[in-house]
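Just so it is clear: chains get the letters A, B, ... in the order the sequence lines come, proteins before strands, and each one is counted from 1.
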Amino acid sequence: GDSVTQMEGPVTLSEEAFLTINCTYTATGYPSLFWYVQYPGEGLQLLLKATKADDKGSNKGFEATYRKETTSFHLEKGSVQVSDSAVYFCALSALDMDTGRRALTFGSGTRLQVQP
Amino acid sequence: NAGVTQTPKFQVLKTGQSMTLQCAQDMNHNSMYWYRQDPGMGLRLIYYSASEGTTDKGEVPNGYNVSRLNKREFSLRLESAAPSQTSVYFCASSEASYEQFFGPGTRLTVL
């Protein structure tokens, strides 16, 4: 079945440091890829997405590029802020050919802690 | 627009008790979902509803039932709660864009 693997956390960085959170996936067909962010005590919010190979999703200074050849969708930000402290989830959406359903498969999440 | 709303925010149950988690969305989405979130395991799909009147099992449906009451509302019921069902429960909705919109969650503890 489909799966998403993320780097283990927590990731602890100083403010203005460069961030990379690795994400790789396994899927049949052509999935769409997402990064969701969860701030403390809240639900998940979509951060960015990419729907086909070589697409780059970007939002709030975060970027991720859909790399089909390496089955990866790594999240990057050039200069993190304390307010970026949250849990980040990589996810894929693929069509289940048996059920006709399209649903999200999530990675286990990576906690980011940014220190002032 | 309120987006996706969930009630209650917190709940403590004793083993064997029953309860229903409520979810509603005001975005006119066809699809709705229930997930549970456990430490180190991401989100796992319990049940989903592709459209009004239909429901299907997800990855971890045992011990749960759902009802798609109408297009707006999708409830999750625990008939006989067990400590293994201690978790944070999220409802979500989506349309053809595949992006899912999440509610704020219900934190459930089963003693």
Tell me whether B:Leu76 is reachable from B:Tyr33 by hopping between hydrophobic residues (I, L, V, M, F, W, Y) whose side-chain heavy atoms are closer than 4.5 Å.
no

First locate atom CD of B:Gln100, then atom CD of A:Gln45, and finally report the distance between them rounded to the nearest 0.5 Å.
14.5 Å

If you count every heavy atom of other residues, nucleotides or ligands that lies below 6.0 Å from A:Glu8 atom CD, does the total exceed 12?
no

Take a 6.0 Å sphere around CZ of B:Arg77 and say whether it holds more than 12 heavy atoms from other residues, nucleotides or ligands.
yes

Is atom CD of A:Glu16 surrounded by more than 12 heavy atoms (other residues, nucleotides or ligands) closer than 6.0 Å?
no

Does A:Tyr30 OH have over 12 foreign heavy atoms under 6.0 Å away?
no

Residue B:Gln37 versus chain A: region with a heavy atom under 4.5 Å
side chain

Take B:Arg44 and A:Phe106, measure what side chain to side chain contact (heavy atoms under 4.5 Å, CB included) needs, and give me the verdict at the end.
CA-CA 8 Å; B:Arg44 293 182 292 169; A:Phe106 286 89; over 6 Å; no

What distance separates A:Leu104 CG from B:Glu99 CD, expressed to the nearest 0.5 Å?
9.5 Å

For A:Gln38, is it the side chain, the backbone, both or neither that has a heavy atom under 4.5 Å from a heavy atom of chain B?
side chain

Hydrophobic cluster membership, A:Val37 vs A:Leu92, 4.5 Å side-chain cutoff:
yes

Could you tell me which portion of B:Leu43 (side chain, backbone, both or neither) has an atom closer than 4.5 angstrom to a non-hydrogen atom of chain A?
both

Distance-minimising heavy-atom pair for A:Leu44 and B:Phe102
O-CB, 3.4 Å

